[in-house]
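Beneath this line is the structure, given in structure tokens, with notes to follow.
Just so we're clear, the structure is a prediction, and the values are computed from it rather than from any experiment. Throughout, residue positions are numbered sequentially from 1 according to the sequence presented.
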Amino acid sequence: MQGTTIQHRPSRSHWAALLLAGSASLASAGTPREMAPHGVFVYSDLCVNPDSGEGGGQRISLLRFAEVDTVVYEFTAGSLSWPVLATDVNIDPTMSALYFTVQTADGEQRTISGKLSRDRQSMTLAGGYCDNAAVPIKLSRVTDFSRALKACTPCPATASL
């Protein structure tokens, strides 16, 4: 006995279901994407000074585990770089904001807070670039760790009165 081959052609209801699923995913594009409850998420504005070759900027590595969220905060000052394990890591239930505490090299405690973009591809830190609150500090999500660092942008000169 030879087997028979059944050809299945999608019916209109199959196409309607596919169209409905596609439009549902498009409709949700404006809502915040969930950040996975497990994994490593790295946000950075690390750069290289083209004149001196020294590094600048900061990097936040968020390590998400089922039991706890951990942050490694790194900042640079010239050729020196300090990775610091943060304490008191708090993430908003909607995954739109986080804050954590680090101890600086001089022993002071500093709380760092940031807001995640809706697509989770960037983080904007509270404060301002070059101590200018009008210019936000924006860290981009790192997905290509082999990419060369960009050139640092110098702080704008302040006008003296």
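For the atom pair CD (Gln121) and OG1 (Thr143), the distance works out to 7.0 Å, reported to the nearest 0.5 Å. Once rounded to the nearest 0.5 Å, the distance linking CD of Gln103 with CZ of Arg110 reads 13.5 Å. In this structure, the separation between CG on Asp69 and CD1 on Ile91 is 3.5 Å, given to the nearest 0.5 Å.
Among residues at least two apart or in separate chains, there is no disulfide (SG to SG under 2.5 Å) pair with a member in residues 59-99. Residue pairs satisfying the disulfide (SG to SG under 2.5 Å) criterion with at least one member in residues 48-79, sequence neighbours excluded, are absent. Counting only residues at least two apart or on different chains, no disulfide (SG to SG under 2.5 Å) pair has a member in residues 58-119. Among pairs with a residue in residues 74-100, those fulfilling salt bridge (Lys or Arg N to Asp or Glu O under 4.0 Å) read Arg59-Glu74, at least two apart in sequence or across chains. For residues 57-120, no pair satisfies disulfide (SG to SG under 2.5 Å), with sequence neighbours left out.
Among residues two or more places apart in sequence or in another chain, the ring pair (Phe, Tyr, Trp, His ring centres under 6.0 Å) test is passed with Phe75 by Tyr73, Trp82. With sequence neighbours excluded, the residues that form a side chain to side chain donor-acceptor pair (under 3.5 Å) with Thr104 are Asp106. The side-chain contact (heavy atoms from CB on, under 4.5 Å) search around Thr87 returns Thr101, not counting sequence neighbours. Remark: Ser122 engages Ser117 in a side chain to side chain donor-acceptor pair (under 3.5 Å) (not counting sequence neighbours). Looking at residues two or more places apart in sequence or on another chain, you find no side chain to side chain donor-acceptor pair (under 3.5 Å) involving Asn132. For Ser96, the side chain to side chain donor-acceptor pair (under 3.5 Å) partners two or more places apart in sequence, or in a different chain, are Thr94.
Contact check for Val84 versus Val72: no side-chain heavy atoms found under the 4.5 Å cut-off. Residues Gln58 and Asp45 are in side-chain contact: their nearest non-hydrogen atoms beyond the backbone lie under 4.5 Å apart. Using a 4.5 Å heavy-atom threshold, the side chains of Ile60 and Val42 count as separate. Side-chain atoms of Leu62 and Val40, non-hydrogen and from C-beta on, never get closer than 4.5 Å to each other. Counting heavy atoms from C-beta outward, Thr111 and Phe100 have side chains that stay 4.5 Å or more apart. Between Arg64 and Thr70, every side-chain heavy-atom pair lies at or beyond the 4.5 Å cut-off.
Nearest heavy-atom pair, Ala151 versus Cys47, reported as atom, atom and distance to 0.1 Å: C-CB, 3.9 Å. Of all non-hydrogen atoms in Arg120 and Tyr43, the two that sit nearest each other are O-OH, 2.8 Å. Nearest heavy atoms, Leu63 versus Ser61: CD1-O, 3.5 Å. Of all heavy-atom pairs spanning Val142 and Ser44, the tightest one is CG2-CB, 3.7 Å.
Linking ILVMFWY residues whenever their side-chain heavy atoms come closer than 4.5 Å, directly or via other members, places Val89 and Phe41 in the same cluster. A continuous path of ILVMFWY side-chain contacts below 4.5 Å connects Met95 to Leu125, so both sit in one hydrophobic cluster. Residues Phe65 and Leu85 are members of one and the same hydrophobic cluster, defined by side-chain heavy-atom contacts under 4.5 angstrom among Ile, Leu, Val, Met, Phe, Trp and Tyr.
By the 4.5 Å side-chain criterion applied to Ile, Leu, Val, Met, Phe, Trp and Tyr, Leu149 is assigned to a cluster that also includes Leu46, Val48.
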